[in-house]
Chemist: 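Pasting in a structure now, in structure tokens, and then I'll have a few things to ask.
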Amino acid sequence: MSEEKRSAPKRTVTWPVLLLVAAFVGFFCLALGYALGSRSHGDYTVYTQTDAVFPSQETAEAAESVQAEEDIYPIDVNTADAETLELLPGIGPEKAAAIVAWREENGLFTRPEDLLEVSGIGEATLEEIRSLIVCGAETE
């Protein structure tokens with residue numbers, strides 16, 4: 001026998017085989033990513049199986065907080081007790097007590113600017129709470 005026939009021919013990998021292997025690996029990676037389910041994106045979690053977007057727990061809690069604020073405000077400074085007045089930003093126990101005391105001594109507030117007559121309430125505090133208060137039946 002000749003030497004050519006005794007040794008086995010060397011096989012080379014052709015481009016169709018490489019293409020098939022690459023396609024298989026790509027498909028495997030996509031299937032694995034799909035099977036793992038979800039990925040977190042900031043405030044939302046995106047579930048790839050259903051393409052639905054759900055708010056995160058933090059976003060849901062923030063929405064509930066905003067709803068709770070809408071139920072509290074506006075606060076009527078003519079009828080609110082000191083504890084309720086403390087819900088206003090910048091109004092602590094002393095300022096709330098001062099508002100109640102002023103109201104008892106001088107009568108009802110007719111407009112938000114009347115709060116400037118209360119000790120401890122200045123322009124900055126009034127501007128901070130102006131949109132959160134009413135004086136009696138008045139609506140702002």
Side-chain angles (χ1 to χ4, degrees):
M1 263 190 177
S2 73
E3 252 188 70
E4 267 184 42
K5 290 186 179 183
R6 276 197 286 163
S7 63
K10 290 185 180 179
R11 292 199 167 225
T12 59
V13 177
T14 61
W15 67 270
V17 173
L18 288 175
L19 185 62
L20 184 62
V21 169
F24 177 75
V25 169
F27 177 75
F28 179 76
C29 290
L30 286 173
L32 182 63
Y34 185 78
L36 291 178
S38 66
R39 295 175 299 275
S40 180
H41 294 284
D43 287 346
Y44 297 92
T45 300
V46 178
Y47 293 90
T48 56
Q49 286 88 357
T50 61
D51 293 330
V53 178
F54 299 97
S56 69
Q57 183 65 27
E58 293 172 359
T59 305
E61 289 171 0
E64 289 173 6
S65 172
V66 169
Q67 181 61 42
E69 286 180 6
E70 289 176 358
D71 293 342
I72 295 171
Y73 299 113
I75 293 176
D76 185 349
V77 293
N78 287 325
T79 59
D81 60 2
E83 185 177 297
T84 304
L85 291 169
E86 288 179 40
L87 297 173
L88 294 166
I91 304 295
E94 290 180 18
K95 288 183 184 178
I99 292 171
V100 172
W102 190 94
R103 185 176 66 204
E104 290 173 354
E105 292 175 16
N106 300 296
L108 300 178
F109 298 100
T110 58
R111 56 196 180 104
E113 290 77 17
D114 292 345
L115 286 170
L116 294 173
E117 298 177 29
V118 177
S119 175
I121 306 279
E123 288 286 337
T125 303
L126 178 61
E127 288 309 311
E128 191 174 7
I129 66 172
R130 183 183 296 274
S131 64
L132 304 173
I133 63 170
V134 292
C135 297
E138 169 197 337
T139 56
E140 289 230 358

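Everything numeric here is computed off the predicted structure, so don't read it as measured data.
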Chemist: Can you name the nearest heavy-atom pair linking Asp76 to Asn78, along with the distance?
Modeler: OD1-N, 2.9 Å
Chemist: Counting neighbours of CD on Glu94 that are heavy atoms of other residues, nucleotides or ligands and sit closer than 6.0 Å, is the number greater than 12?
Modeler: no
Chemist: Carefully, step by step, assess Asp114 and Asn106 under the rule side-chain contact (heavy atoms from CB on, under 4.5 Å).
Modeler: CA-CA 11 Å; Asp114 292 345; Asn106 300 296; over 6 Å; no
Chemist: Give the minimum heavy-atom separation between Phe109 and Cys135, together with the two atoms involved.
Modeler: O-CB, 3.5 Å
Chemist: Quick one: pull up CG in Leu115 and CZ in Arg103 and give me the separation to the nearest 0.5 Å.
Modeler: 10.0 Å
Chemist: If I compare all heavy atoms of Ala96 with all of Ile91, which pair ends up nearest, and what's the gap?
Modeler: N-CG2, 3.7 Å
Chemist: Could you measure the distance from the NZ atom of Lys95 to the CG atom of Leu88? Nearest 0.5 Å is fine.
Modeler: 11.0 Å
Chemist: Give a yes or no on whether Val77 and Leu108 share a hydrophobic cluster (residues Ile, Leu, Val, Met, Phe, Trp, Tyr; joining criterion: side-chain heavy atoms under 4.5 Å apart).
Modeler: no
Chemist: Identify the heavy atoms of Glu123 and Leu116 that sit nearest to each other, and give their distance.
Modeler: OE2-CD1, 3.3 Å
Chemist: Give me the atom names and distance for the closest heavy-atom approach of Ala97 to Ala82.
Modeler: N-CB, 4.4 Å
Chemist: State, to 0.1 Å, how close Pro89 and Leu132 come at their nearest heavy-atom pair, and which atoms those are.
Modeler: CD-CD1, 3.5 Å
Chemist: Flag the pair Arg130 and Glu113 as a salt bridge only when some basic side-chain nitrogen lies within less than 4.0 angstrom of an acidic carboxylate oxygen.
Modeler: yes
Chemist: Hey, could you give me the CD1/CG distance between Ile99 and Leu85, rounded to the nearest 0.5 Å?
Modeler: 5.0 Å
